[in-house]
Engineer: 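Submitted below is the structure of interest, expressed as C-alpha cells.
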Amino acid sequence: DLPCELHSWRQMAEYSPEMRQFACILHLYHIKAYNYLRKILPLPHPCSLTNWLSTNKAAAGFSNNIFLCLQEKVERGEQDYCYCALMVQDMSLQKQREWDPHTQHLTGFVDLGTGILDADEAPLASEAIILMAVGTSSPWAAPLGYFFVNSTTGYLLAQLLRQAINKLNNIGIRVLAVTSGATACGAETARALGIRMDPERIQCTFQHPPGSAHSITYFFDVCHALQLIRNALQCFQKIEWPGDTVRWQHVVELAALQEQRLSELCSSKSGRSGSKGSYYLKVNLATQLFSEGVADALEHLQKLGLASFQSCSGTVKFVRLISHLCDVFHGRDPYRMELMGSLLAGNYTKITHLFNEAKSFFITFTDSMGRYIIKSKRKLGFLSFLLNAESLKWLYTNYASPESTPSPNLLTYAFSLNPLELFLRTLQQACGNGNPTCTVFQAAYHRLLAGCNLAPGSPHSSGSGSMSSCDIALSRRRDLTLGSIRAQYNPAHGRTLATEYPYCVGLLLRGSALSNALTDLSLHVQSITCTTGFIAEQLASDLQCEVCVASLFESDESRLRCRSVLYIKKLGGVSLPSASVYHITSISEQVLNWYGKVGDSNKNTKLWHLSLEQKIFQELLGESPLFPTLTNHLFHGEVCVNNHYTILVKEITRCYLNIRTNHAKHLELKYHCGRHRLKRVKGKHLFPSPLGSCHSGQTHMGS
C-alpha cells in the first residue's frame with residue numbers, strides 16, 4: 001500500500017491514510033529507524049506528525065476539541081492555564097474483534113490516532129493509553145486523548161508524551177512536569193526520556209525539544225511508591241539502618257491488636273479510676289500504614305508496656321519519616337490542597353533538610369544479610385521518593401521561589417496520578433463490569449468527554465462525575481491501611497460486615513410480642529442506642545477515612561489525640577455511638593413512627609425508602625451541626641455537596657432504615673422474649689437512655 005517513488009513522499013497533504021499510519025507508527029515505535037529512513041525518503045519532520053495523531057471525533061488520538069478549549073482559555077489571558085503537568089496511565093481492554101454497523105468496518109485493532117490497522121495480520125488492542133493535563137496552579141484537569149495498543153512499552157509512552165508536549169506548546173501551555181506510575185514500564189519511560197535514577201547522580205529533568213533550554217521534571221506516583229516501600233519492608237521483614245532496626249512485625253501486631261479493656265492495659269501507677277474500665281482500646285483499621293497516627297500509636301502502646309511493641313523506636317522513626325515525605329508531596333493526607341509555593345517559601349530549609357535526611361537513610365538501609373536495599377530488586381520505591389524530592393526542589397528553585405517569576409504557586413497534587421485515576425475510575429464505571437472492548441471504551445469515553453468543562457475544581461472537570469479526589473486517593477491506598485494488613489494475616493478477623501442484626505432491634509418492632517410486652521419506655525430508647533452502636537460498627541468496618549471512622553463512636557479523646565487508636569465507650573459489650581450518630585438514628589425512628597407501620601408489603605419498597613430518607617433529611621435541616629470533630633476535615637477537600645459529611649448522614653440513615661424495615665422479614669421475630677432478656681443491674685438499665693449521660697458514674701457490665 002506504500003508508494004516506492006520518492007516524489008510521492010514530498011507533499012504531506014497528498015499522503016494516503018496508509019502512508020500516514022506508516023510514518024506515525026514508525027516514529028512512535030522507533031525514532032532512530034524513522035530518522036534513518038528520512039535520509040532515504042523525504043518523510044515529514046517529527047513535529048509535523050502531531051496533527052495526524054489528532055482527531056475531531058471520539059476515535060483514538062488526541063482530542064482536538066479539548067486542545068481548542070484550552071487554547072481559547074490561554075488566548076483570553078487566563079494564567080491558570082498557562083502551566084500544567086502531564087500524566088499517563090494505561091487501562092486493560094478485552095481483545096475482541098467487532099463489526100461497527102455505522103462505519104461498516106471491523107473494530108478492536110490497534111489505533112494510534114491515524115485509524116485502525118484493519119488487516120488479517122493486524123494485532124488486536126489489549127490496552128488503552130490515556131494522557132491527561134492537570135493545572136499546576138489551579139485544580140483543572142483535561143483528558144487529552146487515548147490510544148489503542150497491543151502492548152505498552154516505556155519507549156512508546158515516552159514518544160506519546162513528547163507528542164503531547166508538542167501539541168500543548170503549540171497552543172501556549174508550558175509543561176512543567178510529567179508523572180507516571182512507579183512501575184517497570186514507568187521506569188522504562190523515565191529512562192527513555194533521559195531521566196537518570198542513580199541515587200548518587202540523579203538527573204530529574206529532560207529537555208524538550210531535545211537540545212533546547214526548556215527542562216521538564218519527572219515524578220513517580222507517590223501512591224505507587226508507598227506500595228513498593230510496603231512490599232520491601234514486608235519481604236525483608238526488617239530493615240537495618242545506623243543504630244536502629246525497622247521491623248514489619250510491629251505493624252502486623254498493631255493491625256492485629258484486638259479490643260482490650262482499659263483497666264487491663266493501664267497499670268496501678270496510672271491512677272485511673274475504676275469507672276474508666278468501660279473504655280476499650282480499639283485500632284482504627286482505616287488508618288494509613290505510613291502516617292503520623294501509626295507512629296503515635298506504636299509509641300503509645302510501647303508506653304502502656306505491651307510486650308509486642310517494645311523496641312519499636314526504629315519502626316516509629318521509619319514510619320514517621322515516610323509520613324513526613326508524604327506530607328510534602330501531599331500523598332498521605334488527600335484532603336490538603338495547599339499551594340506548594342506557600343508551603344515551601346517559608347519552610348524550604350526545613351524541607352531540604354528532610355530530603356537530605358531521607359536520602360542519607362535510604363542509601364544506608366540494609367537487609368538482614370547486610371546488603372544495601374537501594375541496590376536490591378526492591379529499590380524502586382525508595383528511588384521514586386529520591387527522584388521526586390529532586391524534581392520538587394528543581395521546580396521550587398525555577399518556578400515557586402520568591403526570586404522566580406513565571407508561576408508563584410504550584411499544586412503538588414498535580415504531580416500524582418490521582419486526577420487521572422479519578423477519570424479512569426469514572427470511565428470504568430461507565431464501561432460496566434470487567435475489561436471493556438474497544439467499542440465500549442470508545443462510547444464511554446465520548447460520553448465523559450461531553451461532560452468535561454475544564455472548570456477548576458468543578459465536579460465535572462475531567463468527566464469525574466460525583467466522585468471526589470479525596471475518595472479516589474483513599475481508595476487507591478486502601479491496601480495500605482491497617483485493615484488490609486489484618487485481613488492479609490488473619491482473614492477471619494478482617495474488616496467484614498456482620499450478617500445478623502442485633503437482638504435489641506426487636507424492641508423497636510410495633511406489633512411484635514416483645515414490643516407489646518414492654519412497659520418501660522426507656523427500653524425503647526436503649527434499644528435505639530444498641531442498634532445505633534451496631535450501625536457504627538458496621539460502617540467502621542467499611543469506611544476508608546480514619547477521621548470519619550473516629551467520629552462514629554463516643555470516645556475518650558483526652559487519652560490519645562491520634563485517631564489510629566481510639567478509646568471507645570462500651571456498655572454490655574456494645575460500642576456506644578457518638579451523639580451525632582445517635583441523633584440521626586433517633587430522628588429516623590421518629591420519621592418511621594410518623595409515616596406508617598414498618599413492614600407493610602406495599603411500603604417496603606425502594607421508592608418508600610427514598611421518601612423516608614427525604615423526610616429524615618428535612619427533619620435534620622435546621623438542627624444543631626452534626627459531627628463537630630469533622631468541621632476542619634470537610635473543608636480539606638473539594639467544596640461540594642457530596643462530601644464526607646453528607647455521605648455519613650446518608651449511610652447512617654440508610655443502614656438504620658434497612659435494619660428496621662428488614663428485621664421482621666429476615667428474623668421473623670426469632671429474638672423472642674424468652675431468648676434474650678435485658679436485665680437491670682442494681683436498678684440501672686443495661687444501656688443508658690440519654691446518650692450524653694454515658695460519662696456518668698453508672699454501674700457498668702463487661703462484655
Side-chain angles (χ1 to χ4, degrees), residues 83-88 136 154 158 161 165 174-183 186-208 212-226 228-229 232 290 321-332 339-341 343-345 347-365 372-375 379-401 403-404 406-407 409-417:
Y83 301 92
C84 78
L86 191 60
M87 53 193 65
V88 61
T136 56
L161 287 168
I165 295 171
R174 172 171 288 191
V175 178
L176 302 184
V178 166
T179 302
S180 74
T183 61
E188 184 185 3
T189 304
R191 288 191 292 268
L193 290 172
I195 302 299
R196 187 170 61 241
M197 292 181 290
D198 185 343
E200 298 298 335
R201 295 179 300 168
I202 290 180
Q203 174 64 41
C204 66
T205 62
F206 65 95
Q207 281 69 44
H208 187 83
S212 67
H214 177 50
S215 297
I216 301 173
T217 58
Y218 198 94
F219 287 85
F220 284 118
D221 181 59
V222 171
C223 181
H224 287 172
L226 290 176
L228 293 176
I229 291 178
F290 298 110
L321 173 64
I322 303 298
S323 174
H324 290 169
L325 288 174
C326 292
D327 280 341
V328 175
F329 297 109
H330 296 183
R332 180 182 65 84
L339 299 177
M340 177 189 133
L343 176 66
L344 289 182
N347 301 292
Y348 183 67
T349 302
K350 181 179 179 180
I351 298 299
T352 304
H353 175 74
L354 174 65
F355 288 162
N356 293 336
E357 181 185 23
K359 182 177 181 179
S360 66
F361 285 132
F362 287 175
I363 63 177
T364 57
F365 281 163
Y372 288 107
I373 292 178
I374 203 68
K375 298 180 180 180
K379 62 185 177 182
L380 185 55
F382 300 98
L383 287 176
S384 298
F385 271 106
L386 295 181
L387 176 66
N388 289 1
E390 293 298 324
S391 295
L392 202 59
K393 290 192 294 184
W394 190 94
L395 283 175
Y396 173 81
T397 302
N398 291 273
Y399 290 98
S401 65
E403 294 78 13
S404 62
S407 177
N409 294 321
L410 294 175
L411 283 169
T412 54
Y413 173 80
F415 308 133
S416 74
L417 287 181

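Not measured: the values here are computed from a predicted model.
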Engineer: When you compare the side chain of Phe220 with that of Asn388, does any pair of heavy atoms fall below 4.5 Å?
Structural biologist: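 They are in contact (side-chain heavy atoms under 4.5 Å apart), so the answer is yes.
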
Engineer: Measure the OG1-OH distance between Thr136 and Tyr83 for me, rounded to the nearest 0.5 Å.
Structural biologist: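 Taking OG1 in Thr136 and OH in Tyr83, the distance rounds to 8.5 Å.
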
Engineer: Heavy atoms only: give me the nearest Leu417-Gly181 pair and the separation to one decimal.
Structural biologist: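 Looks like CD1-N, 3.7 Å.
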
Engineer: Spell out, as yes or no, whether a donor-acceptor pair under 3.5 Å connects the side chain of Asp221 to the backbone of Thr179.
Structural biologist: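 Such a contact is absent between Asp221 side chain and Thr179 backbone.
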
Engineer: State, to 0.1 Å, how close Ile216 and Val175 come at their nearest heavy-atom pair, and which atoms those are.
Structural biologist: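 Looking at all heavy atoms of both residues, the shortest contact is CG1-O, 3.5 Å.
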
Engineer: What distance separates Cys326 SG from Phe385 CZ, expressed to the nearest 0.5 Å?
Structural biologist: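 Cys326 SG to Phe385 CZ: 4.0 Å, rounded to 0.5 Å.
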
Engineer: Output all residues satisfying side-chain contact (heavy atoms from CB on, under 4.5 Å) with Ile202, sequence neighbours left out; order by chain, then residue number.
Structural biologist: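 Checked Ile202 against side-chain contact (heavy atoms from CB on, under 4.5 Å); matches are Cys204, Leu386, Leu387, Glu390.
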
Engineer: If you define the side chain from C-beta out and look only at heavy atoms, does anything of Leu380 sit under 4.5 Å from Ser384?
Structural biologist: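 Yes - at least one pair of side-chain heavy atoms lies under 4.5 Å apart.
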
Engineer: For side-chain contact (heavy atoms from CB on, under 4.5 Å), just list the numbers for Lys350 and His353, CA-CA rounded to whole Å, side-chain angles, deciding distance to a tenth of an Å, and then say yes or no.
Structural biologist: CA-CA 5 Å; Lys350 181 179 179 180; His353 175 74; 5.7 Å; no

Engineer: Considering non-hydrogen atoms only, spot the tightest contact between Gly154 and Thr189 and give its length.
Structural biologist: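 The pair with the smallest heavy-atom distance is CA-OG1, 3.2 Å.
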
Engineer: Output the distance between atom CG (Leu321) and atom CG (Leu354), rounded to the nearest 0.5 Å.
Structural biologist: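 Rounded to the nearest 0.5 Å, the CG-CG separation comes to 6.0 Å.
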
Engineer: For the residue pair Met197 and Leu383, what are the closest heavy atoms and their distance?
Structural biologist: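 So the two residues come closest at O-CD2, 3.4 Å.
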
Engineer: Looking at every non-hydrogen atom in both residues, tell me the closest pair between Ala182 and Ala225 and how far apart they are.
Structural biologist: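 Result for this residue pair: CB-N, 4.1 Å.
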
Engineer: Phe365 vs Phe362 aromatic rings, parallel, tilted or perpendicular, using cut-offs 30° and 60°?
Structural biologist: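 Geometry flag for Phe362 against Phe365: tilted rings.
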
Engineer: Taking the six-membered ring for Trp, are Phe415 and Phe219 parallel (under 30°), tilted (30 to 60°) or perpendicular (over 60°)?
Structural biologist: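 Parallel: the ring planes of Phe415 and Phe219 meet at under 30°.
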
Engineer: At their closest point, which heavy atom of Ser391 faces which heavy atom of Tyr218, and how far apart are they?
Structural biologist: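 Here Ser391 and Tyr218 meet closest at OG-O, 2.7 Å.
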
Engineer: How many angstroms lie between CG in Leu161 and CG in Leu193, if you round to the nearest 0.5 Å?
Structural biologist: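 Rounded to the nearest 0.5 Å, the CG-CG separation comes out at 6.0 Å.
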
Engineer: Could you go step by step and tell me if Phe206 and Val178 meet the side-chain contact (heavy atoms from CB on, under 4.5 Å) rule?
Structural biologist: CA-CA 10 Å; Phe206 65 95; Val178 166; 4.0 Å; yes

Engineer: Within a strict 4.5 Å, meaning less than it, do heavy atoms of the Leu325 and Phe355 side chains meet?
Structural biologist: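 SC-SC contact between Leu325 and Phe355 confirmed.
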
Engineer: Which side chain to side chain donor-acceptor pair (under 3.5 Å) pairs, counting each pair once, include a residue from residues 195-207, with sequence neighbours left out?
Structural biologist: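 Output for this query lists Gln203-Thr205, Gln207-Ser215.
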
Engineer: Please round to the nearest 0.5 Å and tell me the distance separating atom CG of Leu86 and atom NE2 of His208.
Structural biologist: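 These two atoms lie 10.0 Å from each other.
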
